[in-house]
Every structure is written in C-alpha cells, then in structure tokens.
Amino acid sequence: MRLLVIGGVAAGLSAAARARRLDRSLDIVVLESGKTISYGACGLPYYIEGRVRDPRQLIVYTPEYFARERDILVRTGVRAASIAHPRREVILDGGERVPYDRLVIATGARPDQTQIPGTNLPHVFTLHTFDDALRLKQRLLESRPRSAVVIGARYLGLEAADALRRNGLKVTVFEQSKSVLHRDDPELAKTIVRHMEHFHVDLRLGTPVGRIESSSVEGVSCDLVILSTGVRPNTALAVEAGIETGRTGAIRVDDRMQTNLAGVYAAGDCAETTHLVTGRPAYIPLGTTANKMGRVAGANAAGARERFSGIVGTAIVSIFGLGFATTGLSSEQARREGFSPVSARIEAPAKARYFRGRLTTVELVADRATHHLLGGTVIGEQDVGGRINTIAAALHNRMRIDDFEQMDLAYAPPFATVWDPLLIAAQQLMKLLN
Ligand SMILES: Cc1cc2nc3c(=O)[nH]c(=O)nc-3n(C[C@H](O)[C@H](O)[C@H](O)COP(=O)(O)OP(=O)(O)OC[C@H]3O[C@@H](n4cnc5c(N)ncnc54)[C@H](O)[C@@H]3O)c2cc1C
C-alpha cells in the first residue's frame, strides 16, 4: 500500500514519519516542490537578524536521512499539479502520474496576495520560505539598505522589524487595523507600540498602505519593503480535486484529519481545525499545530485511529527581548463570540526581587455567567512561555477561574514569587466576578 504526501515541511514530514513508525511495510513517498525540506521556518527571522549564522542550522532532516533511516522517499523539486482521486493518482508538472492508496495533503500556506500596487517591485520581499530568507539576507549584505518598511504587524511583521532594526536599519511598520499580533486587544496594542518606540521602530496602527513606490511607502522613504500581511491556505490543488474547504477558507477536516474524500487527509497550514474555547472552526496556522495535525493524519493514513481535538490559539513572540504571549480569546474577541467577558490585568514581579525579578503583565479573561476561563495574555522578560502554557493547559481543560485560582504552582525564589503573577491575576478576576 502506498502513502503519498504532498508537502515536505512540518505537517507532511510529521505525517510520513508517524506512518512509518506504525507500519514498516508501507511504501511512503513525499513530494516537495521546493529544494529544501524539513526546515524550521520559525528560525528564519533569527537568520535575518544574525543570531543564526548559517541557514543550514535550520534544516532538521535531509531527503538522504529520510531514505536511509526511515525508508521514506522524499522527492524535491517536484510539484503536484493535480489530483485525480477516482484513479488514485497525483499528476506532477510535466505529466508524470504518481499512484497512491492514501494521500496526505500538507501544502501549507502562502503569503496573502495583497492587492497593494507595487508588490512586484524588486525591493519588496516576503519572509515565508527558506529561499525567501536567503534572498532577503543577500539583499541586506549586498545592498546595505538603510531603511525598511514592514507592512503588517502580526507576529511575523514584528519579528522582521526587530531583525531589521538589529541590522541597523531605520524601520517603520504599517498596520491597517488597530490591532497587533492579530489580537483584538487595545491594551496589548498600546504596550507594543510603546515598546517598539523605545527601540526606535515607528509602528503606525490604523494606517493602510495604498501603494508601494520604488523608494517610499505612504511618504516614508525606504530601501526595502517586507510584506507580512498574513497568509492564506494553499488549497487550490485540493479544491480542484473536489475537496471541501470550511468557512475559514482552509481545507475542512474531521478530528482524524480526514477530508470529505475517502483516504485523503489534510494537515498543517492548509487545513482548519477546531477552536476549543469557541467550539468553532479556526484557522491559526502555526508550526506546533502543523506538526500535531501531521502526526495524526499520518497515523490514520497508516490505519490507526488517532484524534486531534483542536487548539486554543496559543502564540508567543519575542520583540526586542520582551516576550508577548497570548492564548484563547481577548475580551473583544470573546464578546464577539457571544460570551460576557470579565478581565483582570495585573503587573507583578516574575520572581523574587532579590533574584532580579522583573515586572510581568498578566491578563486573564473569564466568562461572567459560567466563570470559565476564556483567554490570557502574558508580557514580560522572564518565564513568559511557562505562564502562557499554564493558561493554555487550563483552557484545554475548560477550567473555571475558581479552580485556576487554587492551582498548585511551583515556587522558589529563583523561579517565581510565592504568589505567582497568574494567581494574583486570578484573585483579581474572582473579585470582579463575585
Ligand atoms: C518566518 C516564519 C516564522 C514562523 N515562526 C513560527 C513560530 O515561532 N512558531 C510557530 O508555531 N509557527 C511559526 N511559523 C509558522 C510555521 O512555520 C508554519 O505553521 C509551518 O511551517 C506549517 O507547516 P506546513 O507543513 O503546514 O506548511 P509549510 O511549512 O508551508 O510546508 C508546505 C510545503 O508544501 C510544499 N508544497 C505546496 N504545494 C505543493 C505542491 N503542489 N506540490 C509539492 N509541494 C508543494 C511547499 O513548497 C512547502 O514546502 C513561522 C512561519 C514563518 C514563515
């Protein structure tokens, strides 16, 4: 039996590797249109910044590794042009037909094709693939640009702004909405604008870009433009084959990653999943989710029965040394979803002051009627990841704030305070709810 996988990065290779672990006799073939497989796109901004010196450090496995160690054939530089599901064949550019019994579609996402005129000018870059990063780095080294405009203030735009600023460029960020990190949270937006200002990055919210000129954007002169206006799921191949997309525009799958076509699975940035707080389909394309979805798709394609229940939308980003992390819903988002959100925001030291504990901001959001936790934000320099993950675990388990307040969190002076900032925020929230 042959398992064919389209896409050779996070979701596709997780699927292939998991299938191989479960079934040693499967014939597994991965098709990847690019030259490079299995790389950590999440590390690309750090290559631009300079902390990662050699981009090869970002490559986890090679096709040779997969052939030798996993008995998986990874073909690079081949693009799947169409899927003929009734014949169980994928047709490649050039006409070759590759048969399959089970198919995993892991075609990822692509930068949003924004309608802004000027995106095809030579000084406009995206930072989405390994090759994008190589091109951008080459431009930085060869042309020594002195100023840049970043369009979009989601996590990628802010990471790019940080990386370029650290390369000595004057950086302006334009964002058409009033929010940053794709999170409707005015307080968070204000904090980030102030933080960027401190590092001499001009972040202009509520400022749509009408056109990119050859040496300026909205009157701000620049030698370089980074487009980071979000991504769209790569679904064309699937849609042409009769695979349904959901209301998010990504491929609709069940909790086994099965599409509407028997034996065809989809995973990663091309597929949607369920948001466990709202119970609705969601499209929040991230590497963590892609790997998990891929693993489940691979397991089911190999004949096992595994489930991926969904996400709570946890994300974290470091901007000039400060961690910004969010999970679940902000108050605004919760209101739109029909909850009655109540939130508390506190600032407290992340650990004992005599261990140089720095102030951490924690915001918790809960529903007035049920006291269920709906979301949280953590901002700080110390243990931001640990704290947001604690909130994410509580959201996964549909915890009420009453129980969250009682959580037995670790304490010793080098790590935390006796009243952890999470518990202080929970206490404040309880006061508002009672
Ligand atoms: C700069 C950057 C930073 C990021 N940082 C983070 C982070 O800090 N944390 C986090 O969780 N996530 C992060 N992400 C997101 C994360 O990298 C993605 O969610 C993840 O790579 C998605 O994996 P995927 O396998 O679904 O898709 P992709 O990684 O996009 O891989 C899909 C592959 O399919 C191939 N393909 C598409 N169509 C075809 C076809 N027709 N035939 C053959 N091959 C095809 C493509 O060439 C591509 O290589 C970041 C992304 C970027 C770009």
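Only a predicted model underlies this, so the values are computations on that prediction, with no experimental measurement involved. Counting starts at 1 for both ligands and their atoms, in listed order.
Residues lining ligand 1 at a heavy-atom distance below 4.0 Å are given as Ile6, Gly7, Val9, Ala10, Ala11, Leu31, Glu32, Ser33, Ala41, Cys42, Pro45, Val78, Arg79, Ala80, Ala106, Thr107, Gly108, Ala109, Leu127, His128, Tyr155, Leu156, Leu237, Gly268, Asp269, Pro285, Leu286, Gly287, Thr288, Ala290, ordered by chain and residue number.
Residues in residues 102-154 take part in these ring-ring contact (aromatic ring centres under 6.0 Å, His included) pairs, two or more places apart or across chains: Tyr39-Phe130.
Using a cut-off of 4.0 Å between Lys/Arg side-chain N and Asp/Glu carboxylate O, Glu218 and Arg204 are scored as not salt-bridged. Look at Glu187 and Lys190 and you find a salt bridge, because one of the NZ, NE, NH1 or NH2 atoms lies within 4.0 Å of a carboxylate O, short of that distance.
With sequence neighbours left out, the salt bridge (Lys or Arg N to Asp or Glu O under 4.0 Å) criterion links Arg20 to Asp71.
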Please list, one pair per line, the donor and acceptor atoms closer than 3.5 Å that link side chains of residues 315-331 to other protein atoms, with sequence neighbours excluded.
{"from": "Thr327", "atom 1": "OG1", "to": "Thr314", "atom 2": "OG1", "distance (Å)": "2.8"}
{"from": "Ser330", "atom 1": "OG", "to": "Asp184", "atom 2": "O", "distance (Å)": "2.7"}
{"from": "Ser330", "atom 1": "OG", "to": "Gln333", "atom 2": "N", "distance (Å)": "3.2"}
{"from": "Ser330", "atom 1": "OG", "to": "Gln333", "atom 2": "OE1", "distance (Å)": "3.3"}

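By the 30° and 60° cut-offs, the orientation of the rings of Phe199 relative to His195 is perpendicular.
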